[in-house]
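Take a look at the structure below.
Just so you know, residue 1 is the first one in the sequence shown, and it goes up from there.
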Amino acid sequence: MDLRYEAFCFADRRFYDLQSSTESGLPGDDFAHQLPALPDGWVQAERNVWRHLHPHGVQLPKQGWKIHVSAGLDNATAVLKATFDYCVERRIPFKYLQTVSIVLARNSKYAPREGSGKLITVYPTSTEQLEQVVTELAQLLDGQHGAYILSDLRYGKGPVYVRYGGFSEQWLEVDGQQVLAIEGPDGELVADQRKPVFSVPEWVQLPEFLAPHLAERNAGDPNAFPYRIKSSLHFSNGGGVYLATRKSDGKEVVLKEARPHAGLDREGRDAVARLELEHQILTRLAGVQGVPAVFDRFTEWEHLFVAMEFMPGRSLGQWLGMNYPLTHKEADDEKVAAYKERALALVHKVDDLMARVHERGVVFGDLHTMNILVDEDDEVSLIDFELSSTIEDLHRPTLGAPGFQAPADREGFDIDAYPLAALKLWIFLPLNAVLELSPAKLDQHVQVVKERFGLDDEYCRGVVDVLRPRVDPPTDPAFTAFDDAEPDWTVVRKEIATAILHSATPQRTDRLFPGDIEQFEVGGANFAYGAAGVLHALEASGEGRYPEHEDWLIRSVRREPPKQPGFYVGAHGIAHVLEDFGHHDVATELVESYAPLVETTQDHGLSAGLAGIGLNLLHFADTRGDDGFAARAEGLAERLARQLPDAPGPGGKARAGLLHGWSGPALFFLRMFERTTERRWLKLAEQALERDLAETMVALDGSLQVRDGNFRSLPYVGIGGAGIALVLTEFAAVAPERPCVEQLPGLLNACTSEFVIQPALTLGRAGQLATLAHATRHTPNERYERSIRQHLRALGWHAVRFGGGLAFPGVQLRRMSMDLNTGGAGVLLAIASTVDGRAPLPFLGKAQTPVLADR
């Protein structure tokens, strides 16, 4: 679970977006209404959730010691006013969160912990000014409170903190993600560590005046703490959950921690208030089998702790991941029937346990798959009662898991009846989050599980009766063109394109099409998450050109140039699209202006590195008949060839795949071989593929997938086996006799599962569909063709109606996305590749015979 997405769900119920002062619509929400006007000589600018204020003539370094000021919802305005006046009077640059709503979002329970508490950032120009400002702000704000900023060092007891980091934006790709960077002592970029723990780069000296505060932070006798922490079980912005032993008698317990002023719910209650409530509820439920006993409550270092019984088992979500038959390459009737029997038995046990909780007059309020534990004997228990309440003093939860939170029209014990019905659907088709985007899909999802698992009418009717909205029931049809016996793919493509075009916001400057949250980090113009990829998909799938949107793209790169040269997340991907659209001058400007940055790029991958840039230079050599571009591409290929022998072996976190692994360079080497016929490049392509294949493992179903840590394996395009298979398919067409080609069936088998949690091209079903179609065009395979048809139909499970067309949820299914990597544009491209024989992505083959032609 990527906790970053929670903060992007507050602004809009349909799309991931930033909150801004113009979007909240709440009276007085914007702090600017409470602040005096800036004097002459200042520049004010809004960027993402921040409002930046900078005095003329003040030059900031690229990096240094910065000051953060924390506050709660109740005192944020007062803290901001005082800090605003202080900084303006002394002409010190600073920024602050624009609205109260943004403060709530960034301090909510599942917001990233490293950003928690930060209301204001102040930028001193020197260490001497740092000391003066920190000292004076601490005196000015004495007595104010705020969430502890975990990434920083606190100065004294108040809300003032410091850390060393970047002042200006510099970017680096780490583990497949773009991260903010700072310069090391040698001038090379390194990650600006933004972890929820204070640290200083090894080459930076802690200012002397901060030494006592670091000593204070590290003070205290750990032996005085009454519990010995064995391991951490879970972290949220509100605190941690730990497995611990009580020192007095060695008893094993679960220890829950709550941080004051952090982990806020939508009513502003913090984690401490909720943990106090959980202690009261568990005391009331004492003796109920399946509910943890509570042992202890105490405060230590400003945090509240509650010790409770350790309940055995894994979460129901993990249980499903281990046992759900439709994620395996072959789910025969016997396996499906066995799963159905176990699943129905578990649902019955949860139902019984909830009845026992209700007998004590408690509404659980937060029933979902991570709060239900299943032990080795399939016995169940409940954990996490912080949103519970008594039936006499009912408090409606304002937090909740997507797809499980009861709507506002449910009262009393019906607040628990709703998620129980949702569980009965989820355990057979875990796509409940999609129903929040489109309640009309309920009937379709129930029909899917009824047919696939043979569920009886009474069970299905019970689910529908509880989950169907009572207020404003949906009027949209439950089924889409995907559900037709013989779908008209021309109609399907047109409906997806219609939704994409309807979502366009040409009046915005930060993005044209709503997509993944990454567009707010790497920009809204790029190929992966921005306008370039969407416009490419529309044209490449036969859905046309849109000159007004191309104009937006051109204005965007001139207004705010990309931060890096890479293909999927930088200048070269945008240049590729503009070149193909005939905007040759702008494409040339992009390629040439980023040439110096290419010289310093070390990343090897297709997404942000040398492989994608080199492939694009080969593309320019072809479109322009200019061998100069080919020579530059060859230079990058030589650099990659030198990197390959020293490439690190498989690590704990997966990278293998098309975008971030060595499959991208393998594709580049393969294209170099085709261009030059030099066998050396073919050998390098094989070595690069073998490097990615070294990260694979045989999964539970016998397929070959990329290993991610100790327990998870990935079959996807971006990172995963499908990405390797796309390139290995093309390698096999040139060198079928090479040993690595023998791994291709195992990789393709991983793309045949009936169930895929996300529809996305790089992270889900659309990518597996495109991979199978690409392979089947080269080597026909009846079993893969059946899976292709299954994937095409099952994309309809995610398809939601929007703007007169069909849209798709993005990462985590919380909001819709239109981009190429995670949303509708990628789905559109995968369908066009499958049914029309179009290339699935740039550099991967050319238009060929459709897989489904005349079938």
Side-chain angles (χ1 to χ4, degrees), residues 431 434 437-438 440-445 447-448 451-452 474-504 513 534-546 751-752 754 756 758-761 764-774 776-777 780 782 784-809 816-818 820 823-841 847-855:
L431 293 177
V434 178
L437 289 172
S438 177
K441 295 191 70 67
L442 173 62
D443 288 334
Q444 182 208 35
H445 285 192
Q447 184 67 26
V448 168
E451 292 178 355
R452 189 65 184 91
T475 57
D476 290 338
F479 298 91
T480 69
F482 283 98
D483 301 299
D484 295 343
E486 294 292 335
D488 184 334
W489 297 112
T490 301
V491 171
V492 170
R493 290 198 310 272
K494 182 61 66 178
E495 289 190 328
I496 298 173
T498 297
I500 291 172
L501 294 169
H502 185 79
S503 75
F513 300 102
V534 175
L535 296 178
H536 166 83
L538 288 168
E539 193 278 333
S541 62
E543 295 305 317
R545 293 268 304 276
Y546 299 90
C751 297
T752 62
E754 288 185 51
V756 186
Q758 295 177 156
L761 179 60
R765 187 185 292 278
Q768 295 182 351
L769 166 67
T771 300
L772 291 175
H774 193 56
T776 307
R777 279 194 291 269
E782 185 177 348
Y784 294 157
E785 288 183 22
R786 288 199 303 271
S787 290
I788 287 168
R789 294 178 182 276
Q790 185 179 77
H791 279 317
L792 283 167
R793 184 177 183 85
L795 280 170
W797 300 352
H798 290 91
V800 300
R801 297 187 182 276
F802 172 76
L806 293 175
F808 294 85
M816 292 181 286
S817 170
M818 301 297 173
L820 185 134
V827 174
L828 175 63
L829 198 56
I831 292 173
S833 173
T834 302
V835 303
D836 294 339
R838 299 171 187 265
L841 282 168
Q848 302 176 40
T849 303
V851 175
L852 302 183
D854 301 323
R855 294 179 183 273

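Interatomic distance, OG1 of Thr834 versus CZ of Arg789, reported as 11.5 Å (0.5 Å rounding). Atom CG of Leu431 sits about 7.5 Å away from atom CH2 of Trp797, to the nearest 0.5 Å. If you take CD1 on Ile831 and OG1 on Thr490, they are separated by 11.5 Å, rounding to the nearest 0.5 Å. To the nearest 0.5 Å, atom CG of residue Leu795 and atom CG of residue Leu806 are 11.0 Å apart. To the nearest 0.5 Å, atom OG1 of residue Thr752 and atom CG of residue Leu769 are 12.5 Å apart. Expressed to the nearest 0.5 Å, how far CG of Asp488 lies from NZ of Lys494 amounts to 11.5 Å.
Scanning all heavy atoms of the two residues, the minimum distance from Ala497 to Leu538 falls at CB-CD2, 3.8 Å. The heavy-atom pair separating His502 from Gly803 by the smallest distance is CD2-CA, 3.4 Å. Contact record, Ala537 with Leu828: O-CD2, 4.1 Å, taken as the closest heavy-atom pair. Listed here is the closest heavy atom pair of Leu761 and Ala830: CD1-CB, 4.2 Å. When every heavy atom of Ala481 is checked against every heavy atom of Pro487, the shortest pair comes out as O-CB, 3.5 Å. For Ala766 against Gly826, the heavy-atom pair with the smallest separation is CB-O, 4.3 Å.
Looking at Phe808 and Ile496, their side chains come closer than 4.5 Å, going by heavy atoms from C-beta outward. In this structure, Arg801 and Pro474 have side chains that are not in contact, with every pair of non-hydrogen atoms separated by 4.5 Å or more. Residues Arg777 and Ser833 are in side-chain contact: their nearest non-hydrogen atoms beyond the backbone lie under 4.5 Å apart. Side-chain contact between Asp476 and Val800 is absent, with no heavy atoms from C-beta onward closer than 4.5 Å. Taking 4.5 Å as the limit, every side-chain heavy atom of Ser787 sits out of range of all side-chain heavy atoms of Gln768. Within the 4.5 Å cutoff, side-chain heavy atoms of Arg493 are placed close to those of Val835. Inter-residue side-chain proximity for Phe513 and Ser503 is flagged as met; some heavy-atom pair is nearer than 4.5 Å. Two residues are said to be in side-chain contact when any heavy atoms from C-beta on lie closer than 4.5 Å; Phe479 and Pro477 fail this criterion.
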Please determine whether side chain to side chain contact (heavy atoms under 4.5 Å, CB included) holds for the pair Leu829 and His536, giving the CA-CA distance in whole Å, both sets of side-chain angles, and the decisive distance to 0.1 Å.
CA-CA 9 Å; Leu829 198 56; His536 166 83; 4.2 Å; yes
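In this structure, Gln444 contributes its side chain and Gly796 its backbone to a donor-acceptor pair below 3.5 Å. No donor-acceptor pair closer than 3.5 Å links the side chain of Ser817 to the backbone N or O of Pro809.
Each of Gln790, His798, His791 was evaluated against Arg765; a single residue qualifies, His791, per the side-chain hydrogen bond (donor to acceptor under 3.5 Å, both in side chains) test.
Under the salt bridge (Lys or Arg N to Asp or Glu O under 4.0 Å) criterion, Arg793 pairs with no residue, sequence neighbours left out.
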